[in-house]
Amino acid sequence: MFIRSFQDLVFAKTKLIPCGKVSTYKLLAKAVGRPRAARAVGNALNKNCNAKVPCHRVVRSDGKVGGFRDGTAAKIKILQKEGVEAVKEKVSLKKYLYKFR
DNA sequence: AGGGTGACCCGCT
DNA sequence: CAGCGGGCCACCC
C-alpha cells in the first residue's frame, strides 16, 4: 500500500524497530523528514496504535517511556517482555536505542 | 477555515 | 540538578 500522509510514514518507520530495541519520537520525526515534528509523531501513534505497529517501542529522547494509549505502566510491561529494562519509567537509550539510517 | 489538542523537545531560571 | 514555559507540527472537531 502507498503512504499518503505523515502518519503512515511514521508507522512505516516504527515497524522497522526490531524486538528488544527502542527508538525516540524525535528520531522518528527526523527519519520521516520532519525533525521538529516529534509532537506530531506522538499524536499519530496515539490515534493509530495498531498491532502491526510496535508503538510501545517508541520512547522520549531523554529515555523516559513517555505515554501510551493503554497506560504508561502497560507500555513498560511490554518493553520488559521484549527484553528492555525500564527503571523509574526510563530506559537506557545507550543500550536499547535503535537508530534509523 | 479556524482553533484546540497531544504518547514532545529545548532553553532558561 | 530539577522545574517551568514556550515553541513546533500534524490531526480532529
Side-chain angles (χ1 to χ4, degrees):
Chain A
M1 59 154 142
F2 288 63
I3 310 296
R4 50 184 185 175
S5 68
F6 175 84
Q7 280 189 165
D8 293 335
L9 206 53
V10 173
F11 301 141
K13 292 290 178 185
T14 306
K15 286 187 209 166
L16 300 178
I17 303 174
C19 184
K21 294 264 182 170
V22 297
S23 186
T24 71
Y25 297 97
K26 195 169 88 164
L27 275 150
L28 230 69
K30 198 183 288 192
V32 300
R34 293 289 182 286
R36 313 242 153 117
R39 220 171 193 178
V41 172
N43 201 344
L45 293 172
N46 176 28
K47 279 155 185 139
N48 281 275
C49 225
N50 293 338
K52 306 293 167 241
V53 182
C55 49
H56 56 268
R57 289 179 197 160
V58 185
V59 299
R60 280 168 41 165
S61 297
D62 59 353
K64 195 100 189 296
V65 295
F68 195 61
R69 201 63 167 67
D70 194 36
T72 309
K75 184 170 180 177
I76 294 169
K77 211 186 246 184
I78 299 169
L79 285 172
Q80 291 193 344
K81 274 190 188 178
E82 299 278 322
V84 179
E85 298 182 73
V87 181
K88 287 188 188 306
E89 305 187 317
K90 288 186 222 116
V91 299
S92 300
L93 297 175
K94 287 260 119 191
K95 297 183 175 197
Y96 307 109
L97 179 61
Y98 170 74
K99 260 195 160 231
F100 299 97
R101 55 167 153 162

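Per chain, numbering begins at 1; letters A, B, ... match sequence-line order. Not measured: the values here are computed from a predicted model.
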#### Entry: Close residues, residues 79-101 of chain A, relative to DNA chain B [heavy-atom separation under 4.0 Å]
none
### Query
For residues 14-26 of chain A, which residues have at least one heavy atom under 4.0 Å from DNA chain B?
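Heavy-atom cutoff 4.0 Å gives Tyr25(A), Lys26(A).
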### Query
What does nucleotides 6-13 of chain C look like as a protein-contact string, B for base, S for sugar-phosphate only, - for none, at under 4.0 angstrom between heavy atoms?
-BBBBSS-
### Query
Does anything in residues 63-78 of chain A reach DNA chain C, meaning a heavy atom under 4.0 Å, and if so which residues?
none
### Message
Show every side-chain hydrogen bond (donor to acceptor under 3.5 Å, both in side chains) that has at least one partner inside residues 11-23 of chain A, sequence neighbours left out.
### Response
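Pairs touching residues 11-23 of chain A that pass the test: none.
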### Message
Rounding to an integer number of Å, can you tell me how far Leu27(A) CG sits from dC9(B) C1'?
### Response
12 Å
Using a 3.5 Å cut-off and no angle test, enumerate the donor-acceptor pairs between side-chain atoms of residues 91-101 of chain A and protein atoms at least two apart in sequence or in another chain.
none

### Task
Say whether, by atom type as modelled, one donor and one acceptor occur between the side chain of Asn50(A) and the main chain of Lys52(A) under 3.5 angstrom.
no
### Message
Under the salt bridge (Lys or Arg N to Asp or Glu O under 4.0 Å) definition, can you give me all pairs with a residue in residues 32-41 of chain A, not counting sequence neighbours?
### Response
none
### Task
Over all heavy atoms of both residues, which pair between Ala29(A) and Ala37(A) is shortest? Give the atoms and the distance, please.
CB-C, 3.8 Å
All N/O donor-acceptor pairs, side-chain side in residues 3-10 of chain A, below 3.5 Å, sequence neighbours left out:
none

### Query
Listed by chain and number, what are the side-chain contact (heavy atoms from CB on, under 4.5 Å) partners of Pro35(A), not counting sequence neighbours?
Lys30(A)
### Query
Is a salt bridge present between Asp62(A) and Lys64(A), judged by a nitrogen-to-oxygen distance below 4.0 Å?
no
Counting only pairs under 3.5 Å, give me each side-chain donor-acceptor contact of residues 65-88 of chain A, with atom names and distances, residues two or more places apart or in other chains.
| from | atom 1 | to | atom 2 | distance (Å) |
| --- | --- | --- | --- | --- |
| Arg69(A) | NE | Asn46(A) | O | 3.1 |
| Arg69(A) | NE | Asn46(A) | OD1 | 3.1 |
| Lys75(A) | NZ | Tyr25(A) | OH | 3.3 |
| Lys75(A) | NZ | Val58(A) | O | 2.5 |
| Lys75(A) | NZ | Val65(A) | O | 2.7 |
| Lys75(A) | NZ | Gly67(A) | O | 3.1 |
| Glu82(A) | OE1 | Arg57(A) | NE | 3.4 |
| Glu82(A) | OE1 | Arg57(A) | NH2 | 2.8 |

